[in-house]
Amino acid sequence: MANDDLGRTLRRLRRLASLTQEELASRSGVSVDVIRQLEQRRKHSARLPTLHALANGLGVELTTLLGDPPAVSSSGENDGPQFVAVRRAIMPALWGPEPPPPGPDFALDGLRGQIADGWTQYHAAEFDTVMKALPALISDARSAAASGSEDERGAGYAALGKVLQLAGHVAVRMGKTDLALISLERAIDAAAQSSDPLLLPMIVNSTAWTYQRQGRLADALGIALPAAGNMADLGLTGTADGLKVWGGLTMSAATSAARSGDYERAAAMMETAEKEAARLSKMPDCGDNRMVSVFSPSSVRVERVRLAVQYGHPRDALAPAKGMRLSKDTPPSWRTWLLLDVARAHVPRLRPHQLRPVHPGPDPRGHRRAGLGSGPGAVGAAVRRAARLSRGEVPTRTGLHHPAHAEARASGRVSP
């Protein structure tokens with residue numbers, strides 16, 4: 001697979017992981033010579049098995065290596081005035097003034113809508129737009145949580161928890177996972193005083209995702225699975241929104257289990273999740289889907305394919321992927337994973353001459369498939385579509401039946 005930015009991204013991720021080229025070679029099983037040629041841009045392509053091995057050695061998703069957009073600028077400078085303002089909003093100065101009461105034109109519904117818009121922009125990788133808005137949104141939410149009646153304060157704390165959760169996700173994208181955890185811990189404090197019983201487990205899911213980004217898989221599993229069980233014990237899975245949040249936590253726990261080497265346990269969790277997801281079709285939607293976890297039969301199948309391929313069971317991936325129809329809220333990042341994973345699942349079944357590098361770009365014939373193919377030709381098509389999606393080029397039709405966009409399960413609508 002060819003990508004002019006592959007070498008630059010590989011070098012940046014390797015340095016962020018504090019690995020030498022030799023150490024990455026040892027962890028990934030890819031030769032030092034290949035790594036050196038890619039980083040020096042003497043080699044501009046690599047086969048999918050090589051890319052998967054490098055991503056695993058770096059401890060990142062394949063889409064990150066191929067261009068899953070971080071919020072860090074190409075210069076590596078991410079602590080400019082805009083981000084400093086976000087940091088100050090998350091952690092106000094000690095002994096600073098109390099939040100002022102909301103102004104006469106303040107409307108809590110309007111604030112909630114702005115926060116929901118922020119999540120939509122975040123999922124669309126419009127990080128600059130989100131960072132510009134965050135300080136004012138956090139300030140307004142703090143004011144709402146400190147004023148009015150008990151019910152009004154509870155609703156204000158719910159808004160504060162949700163916007164601090166968003167700030168935590170932005171911090172992860174900036175490579176500041178410790179700051180993200182501070183924001184998420186403060187979001188959890190706000191959720192505990194809010195009027196929304198689903199907010200706390202949603203933020204726990206974001207925290208588990210952040211732990212995963214830090215490589216703390218046992219910690220991620222240790223909070224996601226009990227939180228899902230607690231939701232079931234409290235009867236919070238009887239609505240569509242509650243079941244979606246439970247599903248996001250369960251899928252997060254499965255990811256942590258698979259990455260820890262316990263694929264069988266992960267597969268069992270995913271089987272349970274898929275059975276529960278079937279209940280959603282009988283439930284009415286309860287709220288703003290921008291504020292609730294992505295969880296549906298198709299999202300579970302996407303994750304099943306992903307886990308099967310990435311953790312050594314490609315044969316388990318092809319059956320759920322074939323002819324899959326994606327629901328309207330399936331994020332573009334998940335579409336990218338699915339396309340790449342379907343391609344990767346085919347690789348062990350193909351002959352060497354069919355594994356030539358594929359140059360990402362539009363299909364020169366302009367063809368659109370009705371679904372995910374199952375033959376060798378599907379590999380090239382899947383990689384081309386995934387490359388376009390990983391660069392943010394989301395076509396009106398992807399060949400996967402729906403062009404919707406959001407992110408993964410951890411945000412309360414995300415993930416990681």
Enquirer: Going by the rule side-chain hydrogen bond (donor to acceptor under 3.5 Å, both in side chains), which residues pair with Asp219 if we only count those two or more places apart in sequence or in a different chain?
Expert: Arg216
Enquirer: Under the side-chain hydrogen bond (donor to acceptor under 3.5 Å, both in side chains) test, which residues partner Glu271, sequence neighbours left out?
Expert: none
Enquirer: Which heavy atom of Val172 sits nearest to which heavy atom of Ala180, and what is that distance?
Expert: CG2-CB, 3.5 Å
Enquirer: Using the side-chain hydrogen bond (donor to acceptor under 3.5 Å, both in side chains) rule, collect all pairs that involve residues 102-111, keeping only residues at least two apart or in two chains.
Expert: Asp109-Arg112
Enquirer: Heavy atoms only: give me the nearest Val170-Met131 pair and the separation to one decimal.
Expert: CG1-CG, 3.7 Å
Enquirer: Can you check salt bridge (Lys or Arg N to Asp or Glu O under 4.0 Å) on Glu303 and Arg306, steps first, answer last?
Expert: CA-CA 5 Å; Glu303 188 71 355; Arg306 179 167 167 257; 3.0 Å; yes
Enquirer: How long is the gap from CG on Leu217 to CG on Asp262, to the nearest 0.5 Å?
Expert: 12.0 Å
Enquirer: Under the salt bridge (Lys or Arg N to Asp or Glu O under 4.0 Å) definition, can you give me all pairs with a residue in residues 19-35, not counting sequence neighbours?
Expert: Glu22-Arg36
Enquirer: According to side-chain hydrogen bond (donor to acceptor under 3.5 Å, both in side chains), does anything in residues 136-147 pair up with another residue at least two apart or in another chain? List the pairs.
Expert: none
Enquirer: On a heavy-atom basis, which atom in Gln212 and which in Ser256 lie closest, and how many Å separate them?
Expert: NE2-OG, 2.8 Å
Enquirer: Quick check on side-chain contact (heavy atoms from CB on, under 4.5 Å): which of Leu181, Leu164, Ile203 does Arg186 satisfy it with?
Expert: Leu164
Enquirer: Taking the side chain as C-beta and beyond, is there a heavy-atom pair between Leu38 and Leu6 under 4.5 Å?
Expert: yes
Enquirer: Would you say that Asp178 contacts Ile182 through its side chain, given a criterion of any heavy-atom pair below 4.5 Å between the two side chains?
Expert: no
Enquirer: Considering all heavy atoms of both residues, which atom of Pro201 and which atom of Met231 are nearest to each other, and what is their separation?
Expert: CB-SD, 3.7 Å
Enquirer: Measure from the side-chain N and O atoms of Arg41 to the backbone N and O of Gly7, and report whether any donor-acceptor pair falls under 3.5 Å.
Expert: no
Enquirer: Roughly how far, to the nearest 0.5 Å, is CG of Asn205 from CE of Met251?
Expert: 9.5 Å
Enquirer: Quick one: does any side-chain atom of Ser183 pair with a main-chain N or O of Leu179 as donor and acceptor, under 3.5 Å?
Expert: no
Enquirer: With sequence neighbours excluded, what pairs up with Gln193 under the side chain to side chain contact (heavy atoms under 4.5 Å, CB included) test?
Expert: Tyr157
Enquirer: Are any of the side-chain heavy atoms of His169 and Ser206 separated by less than 4.5 Å?
Expert: yes
Enquirer: If every non-hydrogen atom of Pro135 is compared with every non-hydrogen atom of Lys132, which pair is closest and at what distance?
Expert: CD-O, 3.7 Å
Enquirer: Taking side chain as C-beta onward, heavy atoms only, is Leu166 less than 4.5 Å from Val130?
Expert: yes
Enquirer: Can I get a per-line list of side-chain donor-acceptor pairs under 3.5 Å for residues 273-280, giving both atom names and the distance, sequence neighbours left out?
Expert:
{"from": "Glu274", "atom 1": "OE1", "to": "Arg304", "atom 2": "NH1", "distance (Å)": "2.6"}
{"from": "Glu276", "atom 1": "OE1", "to": "Arg279", "atom 2": "NH1", "distance (Å)": "2.6"}
{"from": "Arg279", "atom 1": "NH2", "to": "Thr237", "atom 2": "O", "distance (Å)": "3.1"}

Enquirer: Do Leu243 and Phe295 come within less than 4.5 Å of each other through their side chains, counting heavy atoms only?
Expert: yes
Enquirer: Mind checking the CZ-NZ spacing from Phe83 to Lys176? Nearest 0.5 Å is all I need.
Expert: 6.0 Å
Enquirer: To the nearest 0.5 Å, tell me how far Leu111 CG sits from Ile115 CD1.
Expert: 4.0 Å
Enquirer: Going by the rule side chain to side chain contact (heavy atoms under 4.5 Å, CB included), which residues pair with Ser281 if we only count those two or more places apart in sequence or in a different chain?
Expert: none
Enquirer: Can you list everything that forms a side chain to side chain contact (heavy atoms under 4.5 Å, CB included) with Ala208? Sequence neighbours excluded, please.
Expert: Ala220, Ile223, Ala224, Ser252
Enquirer: side-chain hydrogen bond (donor to acceptor under 3.5 Å, both in side chains) with Tyr211: which residues, sequence neighbours excluded?
Expert: none
Enquirer: Which value, rounded to the nearest 0.5 Å, describes the distance between Lys43 atom NZ and Ile35 atom CD1?
Expert: 12.0 Å
Enquirer: If you take all heavy atoms of Val204 and Ala227, which pair is closest and at what distance?
Expert: CG1-CB, 3.8 Å
Enquirer: Quick check: do Leu221 and Ser260 have side-chain heavy atoms less than 4.5 Å from each other?
Expert: no
Enquirer: Using a distance-only test with no angle check, is there a side-chain donor-acceptor pair under 3.5 angstrom linking Thr177 and Gln214?
Expert: yes
Enquirer: Is there a side-chain contact between Leu225 and Met269 (heavy atoms, below 4.5 Å)?
Expert: yes
Enquirer: Can you tell me how far the CG atom of Leu160 sits from the CD1 atom of Ile138, to the nearest 0.5 Å?
Expert: 8.0 Å
Enquirer: Among residues at least two apart in sequence or on other chains, which ones pass side-chain hydrogen bond (donor to acceptor under 3.5 Å, both in side chains) with Gln40?
Expert: Arg42
Enquirer: Not counting sequence neighbours, which residues clear side chain to side chain contact (heavy atoms under 4.5 Å, CB included) with Asp196? List them please.
Expert: Ala158, Ser194, Leu198, Leu199, Met202
Enquirer: Please test Met174 against Phe127 for side chain to side chain contact (heavy atoms under 4.5 Å, CB included), starting from the C-alpha separation and ending with a verdict.
Expert: CA-CA 9 Å; Met174 298 297 292; Phe127 301 118; 6.0 Å; no
Enquirer: Side chains of Leu58 and Leu10: does their closest heavy-atom pair fall under 4.5 Å?
Expert: yes
